[in-house]
Amino acid sequence: MSERWGVLLMAYGSPEKIDDVAAYFTHIRGGRPPSPEAVEDLKERYRRIGGRSPLFEITYRQARALEDHLNDSEERWRVYVGMRHAPPFIRETIAQMKNDGVQRAVGLALAPHYSRMSVGAYIEAAQQALREIQSSIQIGFVESWHLHSLFLKALSERVRLGLERFSPQERRQLIVVFTAHSLPERILSWNDPYPRQLLETSQAVAERVGLTQWRFAYQSAGHTPEPWLGPDLLDILKELGDEGDKTLLVCPVGFVADHLEVLYDIDLEARRRAEELGIHLERTESLNDDPQFVAALTAIVREHSHIL
């Protein structure tokens with residue numbers, strides 16, 4: 001085809017360095033500056049994982065690998081990265097796509113499960129950018145891909161590898177806990193599909209791996225007065241500890257890359273709580289730019305491009 005095709009690969013974004021945390025946090029809050037105490041707490045979390053999140057580099061590795069896979073037969077695609085809360089912002093990326101002469105594109109958020117507050121917000125940001133820069137690029141957005149067979153295959157392989165970290169005796173009593181980022185409970189009044197899709201992914205992976213004991217929990221809830229979806233992973237740990245369950249594999253099905261919510265909230269905070277409770281906790285490796293995951297992204301883009 002002679003048309004210029006693109007992929008708008010969208011991710012949450014992260015601060016490039018510690019000094020950028022306040023601006024990043026303010027952007028997440030819609031321009032409302034957080035308290036100095038909240039900023040310092042977030043800075044400390046980044047310090048604990050080495051000073052910054054690897055999300056930016058991982059997202060670009062995913063983009064380059066995706067582009068290579070899409071162009072394995074003919075050079076037709078270019079993959080662009082747009083972040084929601086950090087440079088390069090989605091608006092800047094779409095402006096670049098316009099300048100490059102892209103005519104059609106697939107918009108894909110690196111979040112498998114749809115919520116109006118997550119994937120919906122990515123799509124809204126992109127649509128607003130198209131209007132503001134008066135672009136005629138035709139973008140078809142993928143709203144969810146939580147049950148795509150190749151995504152489930154990649155996740156299932158991660159769980160199988162995670163199970164191998166436990167002894168045969170531990171595996172007999174092991175519980176797998178699937179997790180995802182919590183959202184405010186008010187999404188339930190919208191009939192938002194987010195909780196249902198998360199359970200569907202978890203159930204599908206459990207069936208593929210043959211799990212008989214598994215749970216689902218939310219994590220990384222915001223510190224706001226309104227209630228957030230639960231149960232929280234830390235509460236599940238306490239419950240399992242009280243019940244005498246001492247082996248646990250956490251599989252963060254809502255995340256596709258290493259970042260703060262994985263490297264701090266699970267690897268440091270949840271692991272510390274587990275150790276206090278005498279629980280052996282392991283985490284499945286993140287998908288990042290694993291070839292199986294890139295194959296899933298490639299299939300999703302190609303399938304969606306046919307309906308544009």
Side-chain angles (χ1 to χ4, degrees), residues 7 9 11 54-55 57-70 72 79 108-114 142 144-181 196-219 233 236 247-259 261-263 265-267 270-271 274 280-304:
V7 176
L9 200 63
L55 179 64
E57 288 82 5
I58 291 171
T59 304
Y60 270 87
R61 293 206 308 267
Q62 291 169 328
R64 297 288 74 81
L66 173 59
E67 187 173 276
D68 288 344
H69 277 65
L70 288 170
D72 59 0
V79 179
L108 179 63
L110 287 167
H113 310 87
Y114 181 87
V142 183
S144 67
W145 37 281
H146 68 294
L147 288 178
H148 194 281
S149 61
L150 294 182
F151 170 58
L152 296 177
K153 180 181 178 181
L155 272 180
S156 299
E157 182 61 23
R158 284 294 196 259
V159 173
R160 291 189 184 97
L161 291 173
L163 293 174
E164 294 177 0
R165 300 179 189 173
F166 299 88
S167 68
Q169 182 177 356
E170 286 180 312
R171 285 200 294 271
R172 285 194 289 270
Q173 299 178 329
L174 182 143
I175 293 178
V176 175
V177 178
F178 298 100
T179 69
H181 204 299
R196 172 180 54 80
Q197 290 187 0
L198 287 166
L199 289 176
E200 287 174 349
T201 297
S202 302
Q203 178 71 48
V205 173
E207 290 175 355
R208 282 171 172 254
V209 179
L211 301 178
T212 57
Q213 298 188 90
W214 65 273
R215 301 278 298 272
F216 179 82
Y218 290 97
Q219 61 168 91
L233 173 60
I236 290 287
T247 51
L248 182 70
L249 177 65
V250 177
C251 177
V253 295
F255 305 113
V256 299
D258 284 323
H259 49 64
E261 285 78 6
V262 172
L263 300 177
D265 294 354
I266 298 177
D267 289 358
R271 193 182 298 276
H280 176 191
L281 183 151
E282 297 284 351
R283 171 179 65 82
T284 58
E285 292 185 14
S286 295
L287 295 172
N288 294 332
D289 57 339
D290 180 90
Q292 279 193 327
F293 179 55
V294 175
L297 295 179
T298 304
I300 292 164
V301 168
R302 283 183 169 147
E303 290 162 13
H304 204 77

- Message: Using side-chain heavy atoms (C-beta onward) and a distance below 4.5 Å, is Leu110 in contact with Gln62?
- Response: yes
- Task: Please determine which of Leu70, Thr298, Ile300 meets the side chain to side chain contact (heavy atoms under 4.5 Å, CB included) test together with Val7.
- Result: Leu70
- Task: Under the side-chain hydrogen bond (donor to acceptor under 3.5 Å, both in side chains) rule, collect the residues that match up with His304, sequence neighbours excluded.
- Result: none
- Message: As a quick check of understanding, evaluate side chain to side chain donor-acceptor pair (under 3.5 Å) for Glu282 and His280, giving each step before the final call.
- Response: CA-CA 7 Å; Glu282 297 284 351; His280 176 191; 2.9 Å; yes
- Task: State whether the number of non-hydrogen atoms from other residues, nucleotides or ligands found under 6.0 Å of Gln173 atom CD is greater than 12.
- Result: no
- At what distance, to the nearest 0.5 angstrom, does CD1 of Ile58 lie from CG of Asn288? 4.0 Å
- Item | Residues Arg271 and Asp265 bridged, charged N to O under 4.0 Å | no
- Query: Does the side-chain contact (heavy atoms from CB on, under 4.5 Å) test come out yes or no for Val250 and Phe178, once each step is laid out?
  - Reply: CA-CA 6 Å; Val250 177; Phe178 298 100; over 6 Å; no
- Note on the structure: Note: Leu287 and Arg158 closest approach over all heavy atoms is O-NH2, 3.7 Å
- Message: If I compare all heavy atoms of Cys251 with all of Val159, which pair ends up nearest, and what's the gap?
- Response: SG-CG2, 3.8 Å
- Item | Sub-4.5 Å side-chain heavy-atom contact between Arg196 and Leu199 | no
- Query: Could you state the interatomic distance from CZ (Arg215) to OG1 (Thr179), rounded to the nearest 0.5 Å?
  - Reply: 13.5 Å
- Provide the closest heavy-atom pair for Ala180 versus Gly254 in the form atom of the first, atom of the second, distance. CB-CA, 3.9 Å
- Message: Less than 4.5 Å apart, side chain to side chain, heavy atoms only: is that true for Leu163 and Val176?
- Response: yes
- Is Arg61 salt-bridged to Asp68, cutoff N-O under 4.0 Å? no
- Hey, does Ser286 have a side-chain heavy atom less than 4.5 Å from the side chain of Val256? no
- Message: Could you measure the distance from the NE2 atom of His148 to the CG atom of Leu297? Nearest 0.5 Å is fine.
- Response: 9.5 Å
- When rounded to the nearest 0.5 Å, the distance separating CD of Glu164 from CG of Leu161 is 5.5 Å
- Query: At what distance, to the nearest 0.5 angstrom, does CG of Leu248 lie from CG of Leu281?
  - Reply: 5.0 Å
- Item | Derivation and outcome, side-chain contact (heavy atoms from CB on, under 4.5 Å), residues Leu174 and Leu211 | CA-CA 10 Å; Leu174 182 143; Leu211 301 178; 5.8 Å; no
- Atom CG in Leu233, atom CZ in Phe216: separation rounded to 0.5 Å? 10.0 Å
- Message: Is any side-chain heavy atom of Thr284 closer than 4.5 Å to one of Pro252?
- Response: yes
- Query: Can you find a heavy atom in the side chain of Leu249 that is under 4.5 Å from one in the side chain of Val177?
  - Reply: no
Validation: residues 201-209 side-chain donor-acceptor distances under 3.5 Å, sequence neighbours left out:
from: Thr201; atom 1: OG1; to: His113; atom 2: NE2; distance (Å): 2.9
from: Thr201; atom 1: OG1; to: His146; atom 2: O; distance (Å): 2.9
from: Thr201; atom 1: OG1; to: Gln197; atom 2: O; distance (Å): 3.2
from: Ser202; atom 1: OG; to: Leu198; atom 2: O; distance (Å): 2.9
from: Gln203; atom 1: NE2; to: Glu207; atom 2: OE2; distance (Å): 2.9

- Message: Set out, in order, the CA-CA distance, both residues' side-chain angles and the distance that settles salt bridge (Lys or Arg N to Asp or Glu O under 4.0 Å) for Asp72 and Arg302, then state yes or no.
- Response: CA-CA 12 Å; Asp72 59 0; Arg302 283 183 169 147; 3.1 Å; yes
- With a 4.5 Å limit on heavy-atom distance, are the side chains of Ile266 and Glu261 in contact? no
- Determine the interplanar angle of the Trp145 and Phe293 rings, folded into 0 to 90°, and report it as parallel if under 30°, tilted if 30 to 60°, perpendicular if over 60°. tilted
- Task: Considering only NZ, NE, NH1 and NH2 on the basic side and carboxylate oxygens on the acidic side, decide whether Asp289 and Arg64 come within less than 4.0 Å.
- Result: no
- Is the closest side-chain heavy-atom distance between Asp267 and Arg283 below 4.5 Å? yes
- Item | Gln292 vs Leu150, side-chain contact (heavy atoms from CB on, under 4.5 Å): CA-CA, chis, key distance, verdict | CA-CA 7 Å; Gln292 279 193 327; Leu150 294 182; over 6 Å; no
